[in-house]
Undergrad: 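First the structure, which I've put down as structure tokens, then a few questions once you've had a look.
The analysis underlying the following values was restricted to heavy atoms, covering all of them including side chains, and did not include hydrogens, waters or symmetry mates. Numbered from 1 within each chain, the chains take letters A, B, ... in sequence-line order.
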Protein chains: 2
Amino acid sequence: MLRSDITVAIRDAVMHELAEVGYGRLSIEAVARRAGVGKTAIYRRWSNKLEMVLEIVSDVAGRSVPLPDTGSFAGDLQLIMMIVSRALQHRIASQIIPDLMAEAARNPQIAETLQRALRTHQQAVGEKLVGQAVARGELPEGTDPELAVDLILGPLYWRLAVARSKPDDVYLEKLMAAVTTALRSAAP
Amino acid sequence: MLRSDITVAIRDAVMHELAEVGYGRLSIEAVARRAGVGKTAIYRRWSNKLEMVLEIVSDVAGRSVPLPDTGSFAGDLQLIMMIVSRALQHRIASQIIPDLMAEAARNPQIAETLQRALRTHQQAVGEKLVGQAVARGELPEGTDPELAVDLILGPLYWRLAVARSKPDDVYLEKLMAAVTTALRSAAP
DNA sequence: GCAGGACGTAACGGTTGCGTTCCGCCCTTC
DNA sequence: GAAGGGCGGAACGCAACCGTTACGTCCTGC
């Protein structure tokens with residue numbers, strides 16, 4: 001019954017509003033204004049700002065990235081880094097993600113939603129990446145997938161989302177090499 | 001002329017309020033209420049929410065951490081990791097830091113203040129750490145201090161501030177070992 | 001054609017916060 | 001003991017939003 005074009009407009013407006021002012025200052029009225037929509041249309045769909053944001057964000061986050069399977073650890077690593085660094089440089093995403101992360105620190109509902117979106121996916125990627133590499137003999141038996149994920153995502157996230165500087169190709173190659181050696185030598 | 005005990009109360013209230021509701025929702029009235037102080041006392045000191053927060057935060061951030069100098073790379077690394085992980089697990093800091101990071105993504109003034117506080121300090125630590133290690137022959141000539149900092153802070157920040165899980169000692173040792181090997185093998 | 005329902009608009013009363021102003025108190029300083 | 005100034009408190013007018021409601025329009029399906 002609800003018109004889907006309106007729903008799309010609202011979702012879009014929420015994402016942009018979220019990027020511009022953050023969750024803390026996001027207001028239903030601003031979303032409605034931006035979407036060119038009445039407040040009623042929003043309240044007909046969600047009952048809360050929180051509920052609305054959670055539903056929309058987890059929907060977007062749910063569009064899962066494909067698991068890496070290029071045939072080699074180096075290839076998988078490069079693919080992951082490319083995907084992550086692209087995502088973290090996306091104008092909207094790069095504002096929304098740290099904002100929701102910060103908000104999650106004080107809102108358990110947001111935290112849980114984000115953790116679900118993040119951790120399950122992150123775990124799957126980590127285990128697949130490491131599992132394949134171990135099976136191929138590229139990484140030692142007993143390599144910790146959690147550590148691997150931290151070593152890969154951590155520096156990228158730090159550089160892109162925190163320090164906010166653009167890594168060039170040389171840097172990315174150095175980082176890949178460093179991570180590879182680190183994991184290869186990490187005893188179980 | 002301004003009573004210093006009042007100033008202290010306000011600073012304190014700002015930090016706590018910042019941690020609880022974030023910059024976006026921080027209000028002067030709430031700060032005054034929490035500090036047990038009239039709004040006038042605040043406006044007598046700062047003219048803005050932004051100005052107030054920036055002054056207070058950069059003052060706190062300015063209390064710089066001592067540079068590492070334990071005599072060995074392993075020791076320096078352990079020290080840094082301990083300091084950082086302690087800081088990122090501090091209740092107040094762990095909420096304020098990601099929040100301001102997110103806010104910095106949309107407010108140039110905050111971004112600049114944070115960058116100054118972060119980058120200069122981070123650079124100094126990185127250069128000192130790597131410089132000393134290279135001089136001692138523990139790391140190869142031409143090691144990139146920037147990469148080193150990313151490899152050290154990135155995974156820690158990711159785990160503590162983003163994934164929000166507590167790393168145990170075993171994990172920290174693995175991480176230290178991984179970072180050390182990674183840097184030792186990183187070609188210039 | 002007619003009913004139903006989703007839509008935008010506008011208004012509601014209530015809350016919160018802004019930045020400012022004025023008051024009367026109290027402490028310091030001379 | 002008088003003056004000055006920082007202090008808390010209260011109130012100001014203004015603006016933004018909340019969540020809800022009533023109304024009139026438009027589209028869809030029967």
Side-chain angles (χ1 to χ4, degrees), chain A residues 1-57 59 95-96 99-100 102-103 106-110 113, chain B residues 1-57 59 95-96 99-100 102-103 106-110 113:
Chain A
M1 308 274 184
L2 299 171
R3 270 172 55 187
S4 65
D5 57 330
I6 303 258
T7 307
V8 169
I10 297 175
R11 298 184 109 86
D12 213 69
V14 167
M15 294 300 281
H16 280 85
E17 207 63 20
L18 217 41
E20 275 183 24
V21 305
Y23 178 82
R25 270 199 291 245
L26 181 127
S27 79
I28 302 276
E29 306 223 343
V31 170
R33 224 177 298 135
R34 174 169 218 137
V37 140
K39 278 201 288 178
T40 25
I42 296 181
Y43 281 109
R44 209 170 284 126
R45 288 166 172 78
W46 304 277
S47 58
N48 264 317
K49 163 172 138 177
L50 178 59
E51 193 188 300
M52 175 181 73
V53 170
L54 284 185
E55 200 264 347
I56 292 177
V57 166
D59 178 74
Q95 305 212 256
I96 294 184
D99 182 82
L100 289 181
E103 201 61 34
R106 58 183 86 93
N107 187 322
Q109 292 220 51
I110 296 186
T113 303
Chain B
M1 307 271 184
L2 300 171
R3 271 173 54 187
S4 66
D5 58 329
I6 303 258
T7 307
V8 169
I10 297 175
R11 298 184 109 86
D12 213 68
V14 166
M15 294 301 281
H16 280 84
E17 207 63 22
L18 218 42
E20 275 183 24
V21 305
Y23 178 83
R25 269 198 291 246
L26 181 127
S27 78
I28 302 274
E29 308 222 341
V31 170
R33 224 176 297 135
R34 174 169 219 137
V37 140
K39 279 202 289 179
T40 20
I42 296 181
Y43 281 106
R44 210 169 283 125
R45 288 166 172 78
W46 304 276
S47 59
N48 263 318
K49 164 171 139 178
L50 178 60
E51 193 188 299
M52 177 182 72
V53 170
L54 284 184
E55 200 264 348
I56 292 178
V57 166
D59 177 75
Q95 305 213 255
I96 294 183
D99 183 82
L100 289 182
E103 201 61 33
R106 58 182 87 93
N107 187 322
Q109 292 221 51
I110 296 186
T113 303

Undergrad: If each of B/K39 and A/R33 is mapped to the nucleotide of DNA chain D with the nearest heavy atom, which maps nearer the 5' terminus, i.e. the 5' end?
TA: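 Here B/K39 is the residue nearer the 5' end.
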
Undergrad: D/dG19 P sits how many Å from A/E51 CD, rounded?
TA: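 It works out to 11 Å between those atoms.
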
Undergrad: Grab the CG-C1' distance between A/N48 and D/dC17 for me, whole Å please.
TA: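 Value for this atom pair: 14 Å.
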
Undergrad: Touch check for B/S47, heavy atoms < 4.0 angstrom, all strands: base, sugar-phosphate only, or nothing?
TA: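 Counting heavy atoms under 4.0 Å across all strands, no contact is made by B/S47.
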
Undergrad: In whole angstroms, how far is the C1' atom of C/dG4 from the CE atom of A/M1?
TA: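 So the CE-C1' distance, A/M1 to C/dG4, works out to 9 Å.
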
Undergrad: Where each residue is assigned the nucleotide of DNA chain D containing its nearest heavy atom, which of A/I28 and B/R44 is assigned the position nearer the 5′ end?
TA: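 Nearest-nucleotide comparison on DNA chain D picks B/R44.
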
Undergrad: Just checking A/Q109: does its CD atom have more than 12 heavy atoms from other residues, nucleotides or ligands closer to it than 6.0 angstrom?
TA: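 Atom CD in A/Q109 is not packed in, count stays at 12 or less.
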
Undergrad: Check the distance between C/dA6's C1' and A/D5's CG and give it to me in whole angstrom.
TA: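 Those two atoms, CG and C1', are 11 Å apart.
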
Undergrad: Return whichever of A/R45 or A/E29 has its heavy-atom-nearest nucleotide of DNA chain C closer to the 5' end.
TA: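 Nearest nucleotide further toward 5': that of A/R45.
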
Undergrad: Please determine if a side-chain N or O atom of B/R3 lies less than 4.0 Å away from the OP1 or OP2 oxygen of C/dC26.
TA: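 Answer no for this pair, as no side-chain N or O of B/R3 is under 4.0 Å from OP1 or OP2.
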
Undergrad: Could you check how far OH of A/Y43 sits from P of D/dA22, rounded to whole Å?
TA: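 Distance, rounded to whole Å: 17 Å.
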
Undergrad: One thing to verify: whether A/E103 and B/R25 come together as a salt bridge, which I'm taking to mean a side-chain N less than 4.0 angstrom from a carboxylate O.
TA: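 A salt bridge is present here (some side-chain N lies under 4.0 Å from a carboxylate O).
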
Undergrad: Before accepting this row, confirm whether a basic side-chain N of the pair A/R11/A/E55 lies closer than 4.0 Å to the acidic partner's carboxylate O.
TA: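 Looking at A/E55 together with A/R11, the answer is yes, because their closest N to O distance falls below 4.0 Å.
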
Undergrad: To the nearest angstrom, how far is B/L2 atom CG from D/dG4 atom P?
TA: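 Those two atoms, CG and P, are 19 Å apart.
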
Undergrad: For B/E29, is there an ion pair with B/K39 - N to carboxylate O distance below 4.0 angstrom?
TA: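 Yes.
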
Undergrad: What is the distance, rounded to the nearest whole Å, between atom CZ of B/R25 and atom P of C/dG17?
TA: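 Result: 11 Å.
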
Undergrad: Return the value, rounded to whole Å, for the distance between atom CZ of A/R34 and atom C1' of D/dC17.
TA: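 For the pair A/R34 CZ and D/dC17 C1', the rounded distance is 18 Å.
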
